[in-house]
Amino acid sequence: MRGKTTFKICSVWLDNEMFLSLRVRAPAMVSFLSSWSVFIFILEMGLGAFALDKYTAAVYEHSVILAESTTEPVSSEEALKLMNKNMDILEEAIKMAAKQGAHIIVTPEDGIYGFSFTRETLYPYLEDIPDPQVNWIPCTEPERFGPAPVLVRLSCLASDNAIYVVANMGDKKPCNFTDPDCPSDGRYQYNTDVAFDSQGKLVARYHKLNLFMMEQLHFDAPKEPELVTFNTTFGKFGLFTCFDILFHDPAVVLVSNFHVDTIIFPTAWINVLPHLTAIEFHSAWAMGMRVNVLASNTHLRSRNMTGSGIYAPDGPTAFHYDAKSENGHLLVAELDSRPSLSPTYLSALNWSLFATTIKPFSEEPNFTGVVFFDEYTFSELTKQAGNLTVCQKSLCCHLSYRMTEQQEDERYVLGAFDGLHTVEGEYYLQVCTLLKCGSTDLQTCGQPVTAAYTQFDYFSLSGTFSTNYVLPEVLLSGVQLAPGEFQVLSDGRLVSLKHTSQPVLTVTLFGRWFEKDPPHPYTHSRIL
Ligand SMILES: *[C@@H]1O[C@H](CO)[C@@H](O)[C@H](O)[C@H]1NC(C)=O
Ligand SMILES: *[C@@H]1O[C@H](CO)[C@@H](O)[C@H](O)[C@H]1NC(C)=O
Ligand SMILES: *[C@@H]1O[C@H](CO)[C@@H](O)[C@H](O)[C@H]1NC(C)=O
Ligand SMILES: *[C@@H]1O[C@H](CO)[C@@H](O)[C@H](O)[C@H]1NC(C)=O
Ligand SMILES: *[C@@H]1O[C@H](CO)[C@@H](O)[C@H](O)[C@H]1NC(C)=O
Ligand SMILES: *[C@@H]1O[C@H](CO)[C@@H](O)[C@H](O)[C@H]1NC(C)=O
């Protein structure tokens with residue numbers, strides 16, 4: 001009776017013979033059936049059904065081994081030897097990250113061969129990287145597009161460790177007289193980020209657009225901005241590189257138009273105080289643009305390169321800054337896969353709302369000073385607590401503050417800058433900043449300072465910005481971040497939540513007014 005019933009139910013889709021064989025080979029059949037039903041489930045529900053709310057990210061700050069010579073060309077064997085030495089170290093980091101459960105690891109810009117090349121001396125390090133649309137797992141088909149030992153090794157590291165791997169390397173693309181822009185050596189050379197999924201498949205290739213100064217001696221910028229994204233079960237990712245972060249294309253477009261959840265950001269970032277230190281600026285970008293950022297910096301003390309982090313829109317989740325040692329460092333932390341769905345996400349944010357609706361505070365005597373080559377208007381914080389406004393052109397900055405005790409030998413100013421920065425690149429800024437001066441001499445306000453002793457137990461900074469792209473920075477003594485100690489309100493105020501854990505170096509609203517940038521800064525700054 002029982003057997004008959006079973007048969008009847010099964011008979012809908014199993015004939016007699018299959019039923020018998022099912023009984024004989026039951027265990028194998030059961031597992032066949034369950035994997036088949038999982039397969040059906042995937043087909044029906046799509047990838048979204050397995051979406052993860054959270055994921056684990058890793059970034060590795062790599063102390064890059066540099067080439068002995070970047071002025072004399074080397075053989076491709078010698079080039080590969082150096083790249084393998086760097087990849088040996090990256091391999092250890094990738095294995096360690098995978099062991100800690102990371103879904104993805106990001107490694108730094110120039111992390112495989114370093115920098116300061118000429119076009120000719122860089123050439124042996126380059127590989128011809130195909131468009132990911134070719135659907136290629138280099139680890140399993142190493143010869144499909146000719147020799148590509150770096151791509152193959154990275155792909156195998158991803159599949160062997162079942163982790164997404166992002167690295168930065170060089171791409172070469174032959175060209176000729178049919179292309180009027182073809183460089184005279186008959187090829188384009190690109191600074192390129194590559195991403196492999198956990199099966200080792202090449203899923204993204206991004207050519208850096210905004211090349212930094214001398215980099216233009218050995219790399220070409222693509223003719224058009226490339227908007228590169230890829231989907232995973234733990235969110236949508238977009239990529240750009242280092243100096244790109246200062247500009248509209250492709251960085252802002254990836255967030256505003258392509259709605260990525262996480263930005264992958266390999267960098268070789270030179271720290272510049274007070275506003276452009278890696279951990280400070282990159283965490284502020286995550287907060288101001290309201291996305292996750294995985295920032296992996298090269299580590300090179302002699303060039304002031306340090307500072308990596310895993311940053312969320314509501315603050316840094318993990319960061320690393322080490323100006324003392326020559327060591328690399330792995331960071332691993334958990335993030336929301338889709339931060340825009342988080343209850344703390346600020347969906348409407350107007351950076352000028354508060355500042356344009358209040359009556360300006362009292363204006364105190366003001367003077368000018370220089371911050372990273374830009375001429376600011378400053379006003380000193382002369383009282384222990386107060387409300388102060390300082391303006392430059394169309395930007396007025398308002399500060400309310402209270403110090404617990406001001407050190408005799410320290411001076412703080414409120415500064416405003418509204419103008420085009422024109423030194424290592426051309427970009428229009430609107431900045432409101434509270435900062436500690438270099439000494440008691442007010443001429444030193446804006447110079448780099450790394451230590452402070454004055455404690456603030458309250459600050460609220462706002463500005464009459466003409467842009468809605470503003471990055472909130474808080475940097476504490478010792479070049480440290482202040483997670484959980486401040487917040488951005490939807491009316492554009494940057495306010496302290498508590499007495500900061502360390503004295504303050506700077507509290508800044510760093511605004512980028514993209515409409516005022518010179519057209520196509522990436523082609524204007526070309527020096528070749
Ligand atoms: C010139 O370059 C184009 C595009 O890369 C290629 O299709 C063509 O074969 C090349 N022509 C010659 C003469 O090398
Ligand atoms: C990512 O997923 C979204 C929504 O599921 C889809 O619209 C988009 O085309 C996908 N993008 C890529 C690059 O696969
Ligand atoms: C590194 O930073 C220090 C302190 O700000 C500065 O004096 C030095 O010139 C910087 N070095 C480089 C290579 O930028
Ligand atoms: C922000 O608020 C100000 C003042 O109400 C308004 O003029 C401006 O258009 C708003 N900006 C945005 C981007 O909504
Ligand atoms: C600053 O202004 C606020 C109101 O905006 C006021 O409550 C506070 O007393 C003022 N602080 C000082 C020190 O003047
Ligand atoms: C600067 O100070 C002068 C008086 O010293 C004052 O008239 C002016 O309004 C102030 N300007 C700004 C931008 O604070």
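Residues take their numbers from the sequence shown, with the count starting at 1. First listed ligand is number 1; within each ligand, the first listed atom is number 1. Being a predicted model, the structure only gives us computed values, none of them experimental.
- Between Asn350 and Ser352, the side chains place a donor N or O and an acceptor N or O closer than 3.5 Å (distance only, hydrogens not considered).
- Residues Thr377 and Asn366 have side chains that never bring a donor and an acceptor to within less than 3.5 angstrom of each other.
- Applying the 4.0 Å criterion to heavy atoms of Thr356 picks out, from ligand 4, the atoms 4 (C).
- In this structure, atom 13 (C) of ligand 1 lies nearest to the protein heavy atom Phe177 CE2, 4.1 Å.
- Nearest protein heavy-atom neighbour of atom 2 (O) of ligand 1: Asn176 ND2, 2.4 Å.
- For the 3.5 Å distance criterion, the side chains of Ser362 and Glu364 qualify, holding a donor opposite an acceptor.
- Each of the following atoms of ligand 5 lies closer than 4.0 Å to a heavy atom of Gly386: 13 (C).
- For atom 4 (C) of ligand 1, no protein non-hydrogen atom is found at a distance below 4.0 Å.
- Ion pairing between Lys173 and Asp128 holds under the 4.0 Å rule for side-chain N and carboxylate O.
- The shortest N or O to N or O distance between Asn350 and ligand 4 is below 3.5 Å.
- For atom 11 (N) of ligand 1, a protein heavy-atom neighbour is found at a distance under 4.0 Å.
- Not less than 6.0 angstrom separates the ring centroid of Tyr469 from the ring centroid of Phe465.
- Interface of Ala385 with ligand 5, defined as ligand atoms under 4.0 Å from a residue heavy atom, comprises 13 (C).
- Between Phe281 and Trp269, the ring planes lie parallel to each other; the angle is under 30°, not in the 30° to 60° tilted range.
- Taking the six-membered ring where the residue is Trp, Phe117 and Tyr113 present perpendicular rings, their angle passing 60° and hence far from 30°.
- In summary, the atoms of ligand 4 found under 4.0 Å from a heavy atom of Leu353, numbered by their order in the structure, are 2 (O), 4 (C), 5 (O).
- Heavy-atom contacts of Thr178 reach the following atoms of ligand 1: 1 (C), 2 (O) (cutoff under 4.0 Å).
- In this structure, the protein non-hydrogen atom closest to atom 6 (C) of ligand 5 is Asn387 ND2, 4.1 Å.
- Just one of Phe510, Phe247, Phe240 meets the ring pair (Phe, Tyr, Trp, His ring centres under 6.0 Å) condition when paired with Trp285; it is Phe240.
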